[in-house]
Structure formats: C-alpha cells, structure tokens
There are 2 protein chains.
Amino acid sequence: MKKQTPTLRDIARETGVHVSTVSRALNPVTGTSITDDVVKRIKEAADRLGYRPNRLAVGLRTNRTMTVGLMIPDITNTIFPPILRGVESVLEPLGYAVIIVNTDSMAAREHQLVDVLRERGVDGIIHAAVLRDDPKIIEVVRGGTPVVTVNRRIEGEGIPSVVNDDALGVRLVLGHLYDEGHRRIAHVAGPANLSTGQFRRKAFKSAATEMGLKLPAKAIQQAKRFDEAEGRRCTEALLDSWNPTAILCANDRLALGALEVLEERGIECPGEISVTGFNDMPFLDRIRPGLTTVRIEQFGVGQESARLLVRMMTEPETTAPSETILPVRLIKRGSVAPPPAE
Amino acid sequence: MKKQTPTLRDIARETGVHVSTVSRALNPVTGTSITDDVVKRIKEAADRLGYRPNRLAVGLRTNRTMTVGLMIPDITNTIFPPILRGVESVLEPLGYAVIIVNTDSMAAREHQLVDVLRERGVDGIIHAAVLRDDPKIIEVVRGGTPVVTVNRRIEGEGIPSVVNDDALGVRLVLGHLYDEGHRRIAHVAGPANLSTGQFRRKAFKSAATEMGLKLPAKAIQQAKRFDEAEGRRCTEALLDSWNPTAILCANDRLALGALEVLEERGIECPGEISVTGFNDMPFLDRIRPGLTTVRIEQFGVGQESARLLVRMMTEPETTAPSETILPVRLIKRGSVAPPPAE
DNA sequence: TCGCTATTTGCAATCGATTGCGTTTCGACT
DNA sequence: AGTCGAAACGCAATCGATTGCAAATAGCGA
C-alpha cells in the first residue's frame, strides 16, 4: 500500500544528499560534475528503490514530453499498422511514446485531434493523414512544432515529407500493362483532396501520354474516397461509357471494388479486363485473381519519418530534407494478362 | 513567435483576478462558487486567448493524466485495429488519450513496456496481450492501477476481463461440421501460454466428447504461436499421422496455414477436407475457398473494455464485473462441405 | 447601525524534476 | 602559510495547475 513510486526526494533522503545532486547524478551529461563515488551510491539507491523518473514532472520543467503524435486516417486500413510499427521501431528505443489518433479523413476531426495532441505537449507530429490544404497543421508548424508528413504532402509550405515513389509506381504498372499489349487503359483515380490521389493521376496522365495512348476524358474516373464502394462506382461508370482492356486503380481498395463489379457482370479478369492496384496490402496474394499491384515500403516509410522527426526535434538548427522518396516495386500477380484479341 | 500557449496566469492578468480564481472558474465543479459575471469574463478571456490547459501540469498536480495504455501483441495483426478503434470511440470523447504498445507477445518486452506506461502515469491499462501467467501486470494491479484484460485472461487474480464467448464459438463450428456429416474432426490448438489457446482447446475437447466423437491424441496439434507457419506445421503433422475430414483451427491465421498445406498437397478443400478458423479477420470472404469462421465483436470488445476501465478509474469503490462475455456468430463460407463418401 | 454568517476571492503550498547561481571544500601554487 | 581557483554540492526558483485555508466582501437580521 505504501509502495508509492519513489521520487528524487526519496533517493536524496536515502543517500543523504540534496535532490539536485541526485538529479545531476542520474543524468549522464550533468553526472560528470559529481564525484564518482556519490554517483555510484545514488545509482545504487535508485535502482534499489526502483526509481523511474516522472515524465510529467520532467516534461513540465523541460518542456519536452518525449511523446509524439501520429495522425492517421484509420488504423483499420491495413497499410497503417506497418507504418506505426516502423515509427515505433525507432521512437521507442529512444524513449518516446506514441499517441495515435484516427482522423477518418475528416477535416473537423483532424483539427480537434491536433488540439488534443498539443494539449498533451507532444514534441512532434507525424502526419499520415494530411489533406492537401490544411491550415491547422500549418499553424502548428508555424508555432514551432516539428511535423513530418507521410505518404501525402502539403504543397508549398516546406513541411518535410516522406513519400513513396508514386510516379515510378504508376509508370511501372502502366509499362507492364503496355507490355502485355494493352492500349485502352483506364484509371480509377483517388480523391482530389489527397496528394496521393492527385499525384498518381498526374503520373498516369503524363506516362500514358508519353506512351502514346489515347486518353478520352471518360478514361479517368475520380473516386471520392479510397474505398471499395467508390471503386465499384467508378468502375461501373467506366464500363458504361468506355471499353477499356485494363483498369489501373489508384489503390488496392479501389481495385477490389473494381474486381467485384467485374465479377458481378460476368466479365473475366484477367481474361477480358486486367486490373491493378497500388500499395500491396496484405492478403492480396490470396484472393482470386491475385492482384497485381505496387508494393510500397510501409514499415520503411514509418521508420524514415520517425528518424526525420527525431532529427528535427533534437537538432532544430539543421534543416531537414524536404522530401524523402522511398522506392517501390511492381508485384505481378494474376490480375493482369494480355487483352483479348479483337 | 511570441505565441506561447497561454496559461492560467495570462488569463488572470488579463481579467485582473487571481490564477486560483481562474482555475476554479474554468472547472465546472468549482465554478459554482464564483460569481457568474466573473466566470463569464474569465471564460471569454480564455477562449479569446485560445487557452488549453496544460495536461502535464494538471497531471502532476492531480495525479491523473487522462491517458490510458493499450497493450497489444502486434497492431499489424488485423484483429487489433478494430479493438483500438472501439477503445478510442469511448475514451476519446471523455478526453483520454491512448498510448499503444506492441509486445510481440514477448514477456521481456511486455515488462519493459509496462514500465514505460507507468513512467507516463497512465490512469489505467487495457491489456490485450496478457500471458496466462504474468507477474508484472499483477504487480501493477496491486499497485492500484486499474487494469482490464481483453480477449485473454489471467487466472485467479480477479482482474476484470472482456472476452468473446469462445466456448460457444467452438461449439458452433463443431456443431456445424458435425451436422455436415464430419466425424473425424481434428483441432489445431493455439499456444498453451495464452488463455484463448487453452480455452478453445478445452471447449473443443468437451464439445467433441459430448457429441461422441472419437478423439485420438494425434487429433489435436498444438501451435506455438498464432501464425500461418505454425498452422502449416500442425496441419502437416496432422495429415501425416491421421486422416481427418475436417480441421477446426483455433484462429484464422492457423487456418490459412492449413489451407496452404492442403493446396500444396493437392488435397481439395472443402471437397476432401473442410477447414474452419476463428476471429473472422478481414478479407476471409475474398480468398478461395472463403473461410468458415467465428466472428467476434472486435470493436465491441474494445468499447466494452474501455467502458469498464473508465468505470474502474472514476469509481474505484464500485466493484467491476470480473468477466464480460460478448456474443459470437458463426460465419459460413466455402471452406466447409460434407465429407467425401467413404 | 452593528455584528454575524455566507459567499467570493486571494494566498501559498504542492506535485516531481531541472538548473542557474551561490557556497563550501580542498588541493595546488607561489 | 596564504591565496586562488576549480570541483562538488546545496539552495531555491521554476514549469502550470489545483486546493485547503485565510481573508475580504456582501448580505441579512436584530
């Protein structure tokens, strides 16, 4: 019952020195100015009592909480857990704790959650859910809190971001489809308010143009969200207005929606129409047909962004790279085949 | 630059009263003993300045941090994200933040992470990763920190737990298999050091016995972990030593491993052998064959455990129910069919 | 009009750790 | 032997908010 967590004061009493001495002794930096003998006695007492510094008190005094906020749209979206693990893998050993918040991609919630994080005095924020235009987070950055964005980016504010090589990814799938003989390739694009959506769409357009593909306006359908339902909607619109031989989707969930529609309509994939995704979420290798997609380094993105953030938090004077691009890989599975002979 | 976050002192200066008055005015409870007029002025000043209480300071003083720890084995395991969302859905509106730690089911890491949480003064812990025997967490509980366990439980310590109705789940699948005509039903059991593993195994045994099924020792293979690799290993052992017509796996990942082995060996599922899982993780409806499994209320479990924890944190005097059992449902898909005629 | 009780508000200690500055101690040098 | 200076440690303020207690003000009855 009396087992209250010990404080510096307890150790001080135990060893007969002043709390400030204890504080210094326990800190490797300031510990040098304390007699070795005393340091030893203090350290012994400390772990005899099972001392653990009170992070609240430290944070209050030093204004560093050793916590960072991680903002994501939705942890149940399978691409985010690996990112979290990546982030933790570098942050946890350094003594940082991570507070995760799910924004559900809603601006209002995001603003609110930013405040939640600020109240708690996070030392930095890893933001994997930014909208392209996001005044709130810009305000935070201006307030001096280190922020790095993941997967997406905010334009023109110089906020460091860690992203996947979307352009390369799109180019890879498109090239693959082209090589298989496809010439009428449609695109189910992601939401316009997310940088990934916009970016992949642009990449698709320019790559397609370079390859000399015809691109009628109806070849590109814009999803409002990155989910299966929108994938279905867009695919239906596509099939009703055009006759593509392949559908390049801006992410896997859209592609799953596309596959559903094809199956419902009795259109064979890949026999009649090929489909591709983006992200390589888990289990895509187990569905039928296996989805050809682009694998992104989720864990790596998490790690990289965390490293970057640590650097920004601990060495504010150095300027961080404004953009870190991680490699992607084409993963070929069963959902792509040559188009039917015409 | 000068935009430091405002404190009580700032508001006090602004309104010409003492900080203690401001503190009281902003707290709904103590606010009643302050003149309405003054309260109003203070509140106005507060949100004019954009005041947000400093959680660290509050926590230091009151010993309540409004944070809770969530311990899980691994967030990339798809059953945990919904649990997290469930937890957040009740905690966030109440002003709690959640710190998540991944134990990877390793006792050493778990101990370490418990300390991490304690340093940060969490008000309570939701523990979805307990081992059956877990001295560290028991110590925490004895220290007075509210803890509730999820999905698993610790025996004989009276720690409240929220679990799924494992026994019913096992009974449902087993009954289903029986009804389809299966009589030689094998079980790939979960790890013995996890209560789910042990519990489902017991349920399997007693239900099978009740139904009058023969259960040779080799009918039950024990996995060391809840993953695909162990599912494979156990299934291979099973096939090499017995000839079951159905394999009831203690969870979906084990079942996925089983399906892999069957496919490799050219054994048809469900034609020759039926397979079932447990948990109903996402995408099981998209694989071939769709996996028949037991759906558990992941989100609900999260919610329920959070509600329970809140109650324990805010009303320590009331005794919490020591066990909350949530319903499960049998989900029939393609992986079960009548056994081949002999 | 005086005094007594409520009602409001202020004062100051407190939570636990950090840190600038002051004091003491002790060895070294002239 | 006396002085100087560095090394080692103590003192006390501080971070921002809460809260028991004291003080001041108001309100009320006699």
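- Taking 4.0 angstrom as the limit, B/Arg9 places a side-chain polar atom (N or O) nearer than this to OP1 or OP2 of D/dC15.
- At the heavy-atom level, A/Val22 lies nowhere under 4.0 Å from the strands shown.
- Within the 4.0 angstrom heavy-atom criterion, only backbone atoms of the sugar-phosphate kind lie near B/Thr62; the bases stay farther away.
- Here the side chain of B/Ile34 is nearest to one of C/dT9, C/dG16, D/dC9, namely C/dT9.
- Under 4.0 angstrom from either OP1 or OP2 of D/dC9 there lies no side-chain N or O belonging to A/His18.
- You won't find any donor-acceptor pair under 3.5 Å spanning the side chain of A/Arg52 and the base of C/dG16, going by distance alone.
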Check your understanding: Between A/Thr103 and A/Ser105, is a side-chain hydrogen bond (donor to acceptor under 3.5 Å, both in side chains) present by the stated rule, with each step listed?
Key -> CA-CA 5 Å; A/Thr103 66; A/Ser105 297; 4.8 Å; no
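- At a cut-off of 3.5 angstrom, the base of D/dC9 holds no donor-acceptor pair with the side chain of A/Ser20.
- Using a cut-off of 4.0 Å between Lys/Arg side-chain N and Asp/Glu carboxylate O, B/Glu323 and B/Arg153 are scored as salt-bridged.
- B/Ile42 places its CD1 atom 8 Å from the P atom of C/dT9, with the value rounded to the nearest Å.
- Whole-Å rounding puts the A/Arg64 CZ to D/dT14 P distance at 23 Å.
- Rounded to an integer number of Å, the gap from A/Arg13 CZ to C/dA17 P is 12 Å.
- Residue B/Asp36 is the one, among B/Asp36 and A/Leu8, whose nearest nucleotide of DNA chain C lies closer to the 5' end (criterion: closest heavy atom).
- A salt bridge between B/Glu14 and B/Arg41 is absent, with no side-chain N of the basic residue lying under 4.0 Å from a carboxylate O of the acidic one.
- A salt bridge links A/Arg13 and A/Asp10; the closest N-O separation between the charged side-chain nitrogens and carboxylate oxygens is under 4.0 Å.
- Among the protein residues, B/Ser23 comes within range of the nucleic acid bases, having at least one heavy atom under 4.0 Å from a base atom.
- B/Leu56 places its CG atom 20 Å from the P atom of D/dT14, with the value rounded to the nearest Å.
- Atom CZ in B/Arg120 sits about 14 Å away from atom P in C/dA17, given to the nearest Å.
- Taking atom CZ of residue B/Arg24 and atom C1' of nucleotide D/dC21, one finds them 10 Å apart after rounding to whole Å.
- Contact annotation: A/Thr21 does not reach the phosphate of D/dA8 (side-chain N/O to OP1 or OP2, under 4.0 Å).
- Whole-Å rounding puts the A/Leu60 CG to D/dC15 P distance at 9 Å.
- Nearest to the side chain of B/Val17, among D/dT19, C/dG10, C/dA17, sits C/dG10.
- In this structure, the CG atom of B/Asp37 is 15 Å from the C1' atom of C/dT7, given to the nearest Å.
- Listed for the B/Arg109 side chain is a donor-acceptor partner under 3.5 Å among the backbone atoms of B/Asn102.
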